[in-house]
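Numbers here are sequence positions counted from 1. Both counts, for ligands and for their atoms, begin at 1 and track the order of listing.
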Amino acid sequence: MKTKSSKSFVDDFMNYVKSKDPMQFEFHQAVKEVVETLAGYLLANPRYLHARILERMVEPERMIQFRVPWADDRGNIHINRGYRIEMNSAIGPYKGGLRFHPTVNQSILKFLAFEQVLKNSLTSLPMGGGKGGSDFDPKGKTDNEVMRFCQSFMSELFRHIGQYTDVPAGDIGVGGREIGFLFGQYKRLRNEFTGILTGKGIEWGGSLIRPEATGYGAVYFAEEMLKTRNDSIKGKVVAISGSGNVAQFAAEKVIELGGRVVTLSDSSGSIYDPGGIDTEKLAFVKELKNIHRGRIKEYAEKYNVQYLGKQRPWSIKCDAALPCATENEINGEEARMLTKNGCFVVAEGANMPSNYDAEHHFLDSKILYGPGKAANAGGVAVSGLEMTQNSMRLAWSREEVDSKLHSIMVNIHKMCVQFGQDTNGYTNYVKGANIAGFVKVANSMMAQGLV
Ligand code: GLU
């Protein structure tokens with residue numbers, strides 16, 4: 001084993017993963033990124049190889065798939081698939097979001113659950129990793145339809161989760177509204193009020209700053225990366241993709257820190273506002289997306305700015321890019337376009353938004369590149385803080401939660417530098433995040449024996 005080169009180690013391991021689930025491309029991509037950066041470390045620390053930790057980590061501890069039947073407002077019956085991947089519980093109860101989106105399948109959820117294990121470890125809070133969701137599409141559905149769907153979904157999920165077992169939260173397509181319906185149904189079925197979900201409403205057990213956490217955290221992380229070059233967000237032109245929860249609060253924090261946000265997007269296209277999205281325009285976006293559930297195109301119409309139909313915002317000249325939409329939303333060509341136009345900071349608010357080529361381009365270009373599992377860990381970190389508050393039956397102030405979030409992001413950045421800095425001084429944050437996240441989980445798995 002010791003004499004094996006990193007390259008052949010990666011190839012052998014990927015052949016093993018692919019042979020088990022040949023069609024799970026997103027999962028392969030997430031695993032490959034991790035194994036590539038871990039290979040050298042593992043070969044130098046063969047105890048992890050002998051214990052076959054990596055082989056164990058790519059195998060979910062448990063995978064649940066279930067039927068979710070529901071009726072729309074006209075009485076038509078629909079059948080969706082529900083899932084929960086309970087990936088790893090070495091350092092705490094399974095923790096991770098639920099995604100409702102037509103693209104949801106086992107590959108997507110396994111990639112997300114695998115990333116979640118390392119991300120949660122990086123937060124330094126006691127949370128294992130999991131992910132779940134459904135191929136249900138909330139877009140265009142009425143509140144009542146979403147409620148009936150959530151009730152049906154929870155009617156099966158409730159038997160698998162619990163405050164000490166598995167604590168889901170939101171992700172794409174699952175926000176405050178859905179968490180409310182899911183929580184209500186859980187409580188009804190169990191006759192018990194416990195912190196079994198995070199992202200709850202503030203009046204019923206939620207934490208202040210949880211809605212802001214992922215977006216704010218990504219900007220705090222970008223700010224830490226910039227500090228290493230004696231720079232800051234202030235005065236920077238920032239391209240943000242997405243217009244949902246993560247993008248909205250990333251934009252809010254960039255504006256607060258004096259940066260200029262020039263783009264937002266949704267699955268239909270992007271808006272380009274060269275003058276910058278200010279607080280008032282951002283309030284319009286929040287209302288448009290969270291209440292009217294409209295399209296970002298309406299921003300372009302209202303403020304008379306350019307709308308790039310069917311396009312992502314990466315052709316726009318910027319200093320910093322914050323991809324906050326979804327996986328694989330930056331390809332190699334777009335990554336090259338970004339750096340060619342001067343972009344030198346990328347902090348990922350979404351999970352795996354850069355594809356394999358894009359990620360390698362960013363690393364080869366030696367820009368400040370913060371991968372999702374480090375840069376977007378603020379969301380799950382504040383979920384962890386929500387769990388703590390629920391256990392203590394207390395609620396902390398905004399300032400208290402925000403300052404804890406900030407220190408967690410600073411600490412994640414520090415760990416990435418510790419494990420990811422090359423001899424020439426460049427920090428490979430991908431390597432840093434993967435090794436730092438891995439070590440804690442791996443050591444805990446070794447301590448707990450062959451389970
Ligand atoms: N879905 C978010 C993530 O990708 C948050 C998960 C959570 O709060 O449990 O990390």
Just which atoms of ligand 1 are under 4.0 Å from any heavy atom in [X]?
| X | answer |
| --- | --- |
| S383 | 7 (C), 8 (O), 9 (O) |
| A169 | 7 (C), 8 (O), 9 (O) |
| K119 | 3 (C), 4 (O), 10 (O) |

task = Could you check atom 6 (C) of ligand 1 against the protein and tell me its nearest heavy-atom contact, residue, atom and distance included?
result = G97 N, 3.6 Å
note = among protein heavy atoms, the one nearest atom 9 (O) of ligand 1 is K95 NZ, 2.7 Å
ask   = Do ligand 1 and K131 have nitrogen or oxygen atoms that lie under 3.5 Å from each other?
value = yes
query = Do any nitrogen or oxygen atoms of V167 lie less than 3.5 angstrom from nitrogen or oxygen atoms of ligand 1?
reply = no
[X] bridged to [Y] by N-O distance under 4.0 Å:
| X | Y | value |
| --- | --- | --- |
| R295 | E298 | no |
| K110 | D21 | yes |
| E115 | K373 | yes |

note = Between S155 and Q185 the two heavy atoms that sit nearest each other are OG-NE2, 3.1 Å
One residue to check: [X]. Relative to ligand 1, which of side chain, backbone, both or neither has a non-hydrogen atom less than 4.0 Å away?
| X | answer |
| --- | --- |
| Q116 | side chain |
| R210 | side chain |
| N351 | side chain |

query = Taking the six-membered ring of F419, is the NZ or CZ of K431 close enough (under 6.0 Å from the centre) and on axis enough (within 45°)?
reply = no
request  = Would you tell me whether N443 and Y48 have side-chain atoms, one donor and one acceptor, within less than 3.5 Å of each other?
outcome  = yes
ask   = Under 3.5 Å, is there a donor-acceptor pair between the T194 and K187 side chains?
value = no
task = In sequence, state the C-alpha distance, the side-chain angles, and the governing distance for Q116 and K131, and then conclude on side chain to side chain donor-acceptor pair (under 3.5 Å).
result = CA-CA 8 Å; Q116 198 83 45; K131 205 87 190 189; 3.1 Å; yes
ask   = Is P168 in contact with ligand 1, taking contact as a heavy-atom separation below 4.0 Å?
value = no
